[in-house]
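Worksheet for the structure shown next.
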Amino acid sequence: MPDADDSPRETAHDERRDEGGNPQSKDANDGASHGKTGGGAPDDERKPRSKKPLIILAVVIVLLAVAAFVWWFATRNQESTDDAYTDGNAITVAPKVAGYVVKLDVDDNVYVHKGDVLLDIDPREYRAQMDAARAQLGLATAQMQTAQIQLDIARVRYPAEYRQAQAQTASARADFKQAQASYEREHQVDTRATSQQSIDAADAKAASARASVKEADARLATASLVAQQIRQAVAAVEERRRQVDQARAQLEQAKLNLAWCQVRAPSDGWITRRNVQLGAFLQPGASLFSIVTPQLWVTANYKESQLARMRPGDKVEIDVDAYPDLTLHGHVDSIQQGSGSRFSAFPAENATGNFVKIVQRVPVKIVIDSGLPTDHPLPLGLSVEPTVYLK
């Protein structure tokens, strides 16, 4: 039994007849209709458009907005940067004396301890210098002892000479007085009571006594400088003592030079950038290698707009690019008092030319508290991404 939808009316509506009474299909009628009207819109264009794409777009926008809000809410107290690197102390080791390398005890990338001998420089020349300095010290010490003995003698000799000069002066004056009396007597008596020879002898004796007095006075004046002469002897002792000190300093320097023939590690760490070979001639101050100490931290160059709430002590999580599964934990140690460009070799001159404002970056030192691996090292300069959790 036919359905209600297959009614004669619908069949009559769908099947139209032509002028000769022949039935025509719907497609034929549609073609004829199109031919008569000169073309019209197809049926699918006349149908209303579906609203499903708009609904899907709206749902996607809402989900993105929710995700953005959730992300902002979760990271509003976090500041991160990818402009960060591992940092540490790299001590440059250089010799203090010149010479040939006669022994090399280290290789590249080995771990050394503080005080370990790294290499030996030929010590024979510096050993000879030490022996010469020791001999010079002995000579200076002997000279100082001699000067000390001379000082002891001077403290007795010069006062005695002064007293002797005083006595000689007194004796000369007495002789002069006696000669002067004889001179006057010879000249006052009658010429008939004396002879010319006696007068000449009295004159000569008086002149000699007068000269003796002058000589004695001069000797007394020289001998009276007792304090000055003793101070001169004291100064001689002090001079010899300073020479001893100088010789002792030269000996100490010679010992240092001999000790410096062994280059020792100033700290624990790894040998890097080795630039020395066995038998090479070294000059003082030439870089031999560097020692990277175990102390490690992170230098993160944050934008100045990220520093408003950042303070020392804030907790930090650090992701290392070289080891994706490694996460380090640390804290903000300090913030550099100046941007990176301020301490560069050629700081920007903002007062000249056209000015373009650029967001500056400020180095932040982050100390690692935990998470350092024990089975593989963290070389200096590795790229990391620290995330600071603001309070």
Side-chain angles (χ1 to χ4, degrees), residues 85-144 238-297 299 334 336-338 340 342-347 363 365 377-382:
Y85 309 92
T86 55
D87 204 349
N89 294 318
I91 304 173
T92 300
V93 179
K96 295 183 179 180
V97 293
Y100 290 95
V101 178
V102 295
K103 186 179 180 182
L104 184 62
D105 297 326
V106 294
D107 203 350
D108 297 306
N109 305 320
V110 298
Y111 190 82
V112 297
H113 298 278
K114 182 178 180 180
D116 288 351
V117 178
L118 306 179
L119 60 86
D120 289 346
I121 299 174
D122 190 355
R124 291 174 294 180
E125 177 183 356
Y126 300 101
R127 190 175 291 114
Q129 292 178 1
M130 186 184 68
D131 294 339
R134 184 178 288 112
Q136 184 64 31
L137 175 61
L139 177 61
T141 303
Q143 291 176 345
M144 185 190 70
E238 187 65 22
E239 179 183 1
R240 296 302 183 184
R241 182 177 290 111
R242 296 301 178 222
Q243 290 178 354
V244 170
D245 294 339
Q246 182 180 10
R248 185 176 290 112
Q250 291 175 351
L251 177 60
E252 291 299 324
Q253 183 63 51
K255 290 180 178 179
L256 282 176
N257 291 340
L258 182 61
W260 287 338
C261 288
Q262 284 189 331
V263 179
R264 297 179 178 270
S267 174
D268 295 351
W270 289 269
I271 298 293
T272 58
R273 300 181 62 186
R274 184 172 63 90
N275 189 30
V276 60
Q277 302 294 335
L278 185 65
F281 183 80
L282 304 182
Q283 292 288 352
S287 176
L288 302 180
F289 33 71
S290 298
I291 296 180
V292 177
T293 62
Q295 292 78 20
L296 189 70
W297 63 86
T299 299
S334 58
Q336 180 174 291
Q337 297 301 306
R342 176 61 181 81
F343 295 102
S344 63
F346 301 98
K365 183 178 180 180
L378 281 179
L380 304 186
L382 290 184

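As the structure is a prediction and not an experimental result, all values here were calculated from the model. When reading the values below, keep in mind they use all heavy atoms of this one structure, side chains included, and skip hydrogens, waters and symmetry mates.
Nearest heavy-atom pair, A247 versus A140, reported as atom, atom and distance to 0.1 Å: CB-CB, 4.2 Å. Of all heavy-atom pairs between P363 and G338, the closest is CD-O, 3.8 Å.
Pairs of residues two or more places apart, or lying in two chains, that qualify as salt bridge (Lys or Arg N to Asp or Glu O under 4.0 Å) and include a residue from residues 124-144 are D122-R124, D131-R134. Applying the salt bridge (Lys or Arg N to Asp or Glu O under 4.0 Å) test to pairs two or more places apart or on separate chains, none has a residue in residues 281-293. Residue pairs meeting the ring-ring contact (aromatic ring centres under 6.0 Å, His included) criterion with at least one partner in residues 261-288, sequence neighbours excluded, are Y100-F281, Y111-W270.
Put simply, the side chain of S334 never gets that close to the backbone of K365: no donor and acceptor are under 3.5 Å apart.
Under the side chain to side chain donor-acceptor pair (under 3.5 Å) criterion, T293 pairs with Q295, not counting sequence neighbours. When the side chain to side chain contact (heavy atoms under 4.5 Å, CB included) test is applied to D245, the partners found at least two apart in sequence or on another chain are R241, R242, R248. Under the rule for a side chain to side chain contact (heavy atoms under 4.5 Å, CB included), the partners of S287 that lie at least two apart in sequence or sit in another chain are T92. Q136 pairs by the side chain to side chain donor-acceptor pair (under 3.5 Å) definition with nothing, not counting sequence neighbours. Take D108 and apply the side chain to side chain contact (heavy atoms under 4.5 Å, CB included) test, not counting sequence neighbours, and it matches R274. Qualifying side chain to side chain donor-acceptor pair (under 3.5 Å) partners for T299, counting only residues two or more places apart in sequence or in other chains: D87.
The closest side-chain heavy-atom distance from V112 to L118 is below 4.5 Å. Here the side chains of L288 and N275 are not in contact, with every heavy-atom distance at 4.5 Å or above. Looking at heavy atoms from C-beta onward, L282 lies out of side-chain contact with V97 at the 4.5 angstrom threshold. Considering only heavy atoms from C-beta on, P95 comes within 4.5 Å of I121 through its side chain. Side chains of N89 and V292 form no contact here, defined as non-hydrogen atoms less than 4.5 Å apart.
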Which atom pairs, donor and acceptor, lie under 3.5 Å between side-chain atoms of residues 249-268 and protein residues at least two apart or in another chain?
| residue | atom | partner | partner atom | Å |
| --- | --- | --- | --- | --- |
| Q253 | NE2 | N257 | OD1 | 3.0 |
| N257 | ND2 | Q253 | O | 3.4 |
| Q262 | OE1 | R264 | NH2 | 2.9 |
| R264 | NH1 | G115 | O | 2.9 |
| D268 | OD1 | K114 | N | 2.6 |

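In this structure, CG on L137 lies 9.5 Å from CG on L139, to the nearest 0.5 angstrom. With values rounded to the nearest 0.5 angstrom, E238 atom CD is found 10.0 Å from M144 atom CE. Distance check: L104 CG to D120 CG gives 9.5 Å after rounding to the nearest 0.5 Å. Between the CG atom of D107 and the CZ atom of F289 there is a distance of 11.0 Å, given to the nearest 0.5 Å.
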Stepwise side-chain contact (heavy atoms from CB on, under 4.5 Å) check, D105 with L119: CA-CA 6 Å; D105 297 326; L119 60 86; 6.0 Å; no
